[in-house]
Structure formats: structure tokens, C-alpha cells
Asks: 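For reference, the structure I am asking about is given below.
Atoms within a ligand are numbered from 1 in the order they appear, just like the ligands themselves. Since the model is a prediction, treat every value here as computed from it, not as a measurement. Start at 1 with the first residue, then count along the sequence.
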Amino acid sequence: MLFDAPLPRPPREVRAGVAHLPGFLTLEQQAEMVGLARGIARAAAGTPAAMRRVPVGHGDGMTSAYLMALGQAYLSQPFRYVPRGAGGVEAPDVPAEWRELARRALLDAVRISPDLVPWAAAYRADVALVNYYPPGASMGLHVDAMEESPAPVVSLSIGDEALFRMGGTEGRSKPWDDVLLMSGDLLVFGGPARRAYHGVPRIHPGTAPAGCGVTEGRLNITIRQVDHLAAHPTGELCKIVHTYIRRTGPMHECERCSGEILQSDHHGDH
Ligand SMILES: O=C(O)CCC(=O)C(=O)O
Ligand SMILES: [Fe+2]
């Protein structure tokens with residue numbers, strides 16, 4: 001009996017700015033997310049927004065995961081987001097319930113990692129990247145560097161267990177923090193860890209729980225804020241395109257009202 005009961009996995013701060021909340025999603029919520037992702041992938045099949053294999057930080061002998069971007073197209077070589085309509089590139093919508101789920105996930109994560117606090121109130125998810133790892137797939141150590149906003153990344157795992165590795169901000173070398181991500185787990189990284197190297201060296205085949213919606217492999221959904229937004233004194237939101245460091249602190253200029261100086265809706269992000 002001692003070894004039959006699952007070991008308790010309390011929420012924990014892996015390091016400053018990294019919160020791991022095991023079992024954040026119920027099995028029903030997991031199956032619902034998988035169903036939604038599958039439906040979107042089916043509808044996008046055969047279009048430029050279709051799920052595709054994208055090697056991330058891969059060495060010899062590593063098999064890459066499949067990727068589908070929602071909210072904005074995410075192109076490789078070099079990696080970049082392309083806003084909808086720009087250059088005729090389209091992307092499926094991020095389901096409204098995922099954006100809301102990410103907002104709530106961040107609020108929960110803030111309680112575990114106080115370094116995430118500055119981002120919670122103004123967080124606005126605008127992109128979701130859906131990764132599918134077939135058995136044997138992995139993702140090399142990389143930095144999520146293409147988002148203009150420094151808001152945290154909200155990551156949900158469904159299906160097979162994965163070894164998630166978080167390194168430093170300077171390079172891929174040790175020390176690393178290794179975290180076992182199981183089906184339903186939430187991981188949020190931001191603040192001092194936002195631009196840290198991270199990856200998935202391996203997944204453990206055959207470990208997906210019955211009823212999670214994934215029978216083989218692992219689904220990872222990262223929900224992100226790409227656009228860096230600022231609030232006008234009127235409350236209208238604009239996208240920050242330039243940041244000037246003044247003696248009084250950072251000042252921002254937006255796309256639409258070029259030249260106008262805006263107040264950031266974030267705190268301590270520069
Ligand atoms: O699969 C994971 O847990 C991490 C995915 C990731 O790092 C990414 O999509 O940028
Ligand atoms: Fe990443």
C-alpha cells in the first residue's frame with residue numbers, strides 16, 4: 001500500500017519566477033482541451049496554419065515535436081510571430097476559454113512564486129502554441145525570446161509524463177532544474193526566469209493516464225502574451241513599439257499614436 005498510493009506533489013516554486021502546480025487540470029478539463037486542440041488541428045489541416053514538425057534546438061538523433069500556433073502565425077528560420085493579416089498569414093483563434101484559463105493559472109502561480117506578481121493584473125494572452133510530442137520526441141534547450149511582452153509563459157501538459165529542464169539565462173550549461181511534468185500539470189515561468197533556457201529532453205512513453213484525451217505521446221499547450229501593451233491615460237490599450245529610458249524611468253511609444261508617450265500597464269518590466 002505504501003508504494004501504491006501516488007506520492008503527494010504539492011505546488012512549489014522551482015526557482016524564482018518558476019511555479020509548478022501539479023494536477024492543475026482535472027481529467028475532464030484535460031480531455032476537453034485535447035478535444036478542442038484536435039478540432040482546431042483538423043480544421044487547419046492542409047492550410048499554412050496546419051500543425052507541422054519544427055525542430056527546436058535539436059542535436060543529432062533528436063526527434064522534434066509538432067507545432068501549431070493559434071492567435072498569431074509562428075514561423076521558423078528565423079523564429080518569429082507574424083500578426084494576423086500581415087503578409088496574408090492567418091492563424092486560428094485562441095479559444096476564449098484558454099485565455100481565461102491562462103489568466104486564472106497565472107493568478108494561482110503568483111501565490112507560489114511572488115516574482116510573477118507584477119504581471120498578473122495586466123496579463124492578456126494573445127497566442128497559444130500547441131506542441132505534440134509523439135513517443136520518442138524531445139525539444140532542445142532554447143529561450144522563448146520572440147514575444148515582445150515580458151509577461152510569463154503559462155504551460156499546460158497533457159498525456160505522457162515529461163522531463164522538463166530549466167537552465168540559466170546565459171547558456172545551455174548546468175546547473176539545471178529538472179521537473180517531472182505529469183498530465184494536468186501547470187508550469188508558469190516569468191520574471192527573472194522568463195528568458196531562461198529550457199527544454200524537454202525526454203517523455204516517458206505509456207504514462208498518459210486513461211481519460212486525459214491523449215492515448216500516446218504528450219500535448220503541451222503554452223499560452224502567451226506576445227504583444228506588449230500600454231494604457232493611454234484614457235484607458236485605451238496600444239501596442240508598445242519603442243521604449244525610451246528616461247531619468248524618470250521607462251517611457252513607451254505606441255504604434256498607432258507614434259510620438260505619444262504612454263504609461264506602461266506593467267510594473268518593473270524594464
Ligand atoms: O513542452 C514543454 O513543456 C515546453 C515547450 C516549450 O518550451 C515551447 O513551446 O517553447
Ligand atoms: Fe519554450
Asks: Tyr197 and His142: aromatic ring centres closer than 6.0 Å?
Replies: no
Asks: May I ask you to identify the nearest protein heavy atom to atom 9 (O) of ligand 1, giving residue, atom name and distance to one decimal place in Å?
Replies: Asn131 ND2, 2.8 Å
Asks: List ligand 1 atoms under 4.0 Å from Asp144, heavy atoms only on the residue side.
Replies: 10 (O)
Asks: Once the angle between the rings of Phe79 and Tyr74 is folded into 0 to 90°, is it parallel (under 30°), tilted (30 to 60°) or perpendicular (over 60°)?
Replies: parallel
Asks: Keeping to residues at least two apart or across chains, list the side-chain hydrogen bond (donor to acceptor under 3.5 Å, both in side chains) pairs with something in residues 108-117.
Replies: Glu13-Ser113, Asp108-Arg111
Asks: If only side-chain N and O atoms count, and only distance matters, is there a donor-acceptor pair under 3.5 Å linking Arg103 with Tyr123?
Replies: no
Asks: Determine, for Arg9 against Asp185, whether the closest basic-nitrogen to carboxylate-oxygen distance falls under 4.0 angstrom.
Replies: yes
Asks: For Asn131 and Thr222: C-alpha separation, side-chain torsions, deciding distance, then whether side-chain hydrogen bond (donor to acceptor under 3.5 Å, both in side chains) applies.
Replies: CA-CA 8 Å; Asn131 289 309; Thr222 51; 4.9 Å; no
Asks: Is Asn220 touching ligand 1 with its side chain, its backbone, both, or neither, if touching means heavy atoms under 4.0 Å apart?
Replies: side chain
Asks: Check each heavy atom of Val153 against ligand 1 and say whether those closer than 4.0 Å belong to the side chain, the backbone, both or neither.
Replies: neither
Asks: Tell me, which protein residue and heavy-atom name are nearest atom 1 (O) of ligand 1, and how many Å apart are they?
Replies: Tyr133 OH, 2.5 Å
Asks: With respect to Ser157, determine whether any N or O atom, backbone or side chain, lies less than 3.5 Å from an N or O atom of ligand 1.
Replies: no
Asks: Identify the protein heavy atom lying closest to atom 3 (O) of ligand 1, giving its residue, its atom name and the separation to 0.1 Å.
Replies: Arg218 NH2, 2.8 Å
Asks: Is the closest heavy-atom distance from Arg224 to ligand 1 below 4.0 Å?
Replies: yes
Asks: Calculate the angle formed at the Fe ion (ligand 2) by NE2 in His142 and OD1 in Asp144; 10° precision is enough.
Replies: 90°
Asks: At a 4.0 Å threshold, what atoms of ligand 1 neighbour a non-hydrogen atom of His142?
Replies: 6 (C), 7 (O), 8 (C), 10 (O)
Asks: Can a donor-acceptor pair be found between the side chains of Asp227 and Ser149 at a distance below 3.5 Å?
Replies: no
Asks: Between the side chains of Arg84 and Asp93, is the shortest nitrogen-to-carboxylate-oxygen separation below 4.0 Å, so that they form an ion pair?
Replies: yes
Asks: Which heavy atom of the protein is the closest neighbour of atom 6 (C) of ligand 1, given with residue, atom name and distance?
Replies: Met139 SD, 3.6 Å
Asks: Which hydrophobic side chains are connected to Leu27, either touching it within the sub-4.5 Å cutoff or through other members that do?
Replies: none
Asks: Which is the closest N/O/S atom of His198 when seen from the Fe ion (ligand 2)?
Replies: NE2
Asks: Determine whether the side chain, the backbone, both or neither of Leu67 has a heavy atom under 4.0 Å from any heavy atom of ligand 1.
Replies: neither
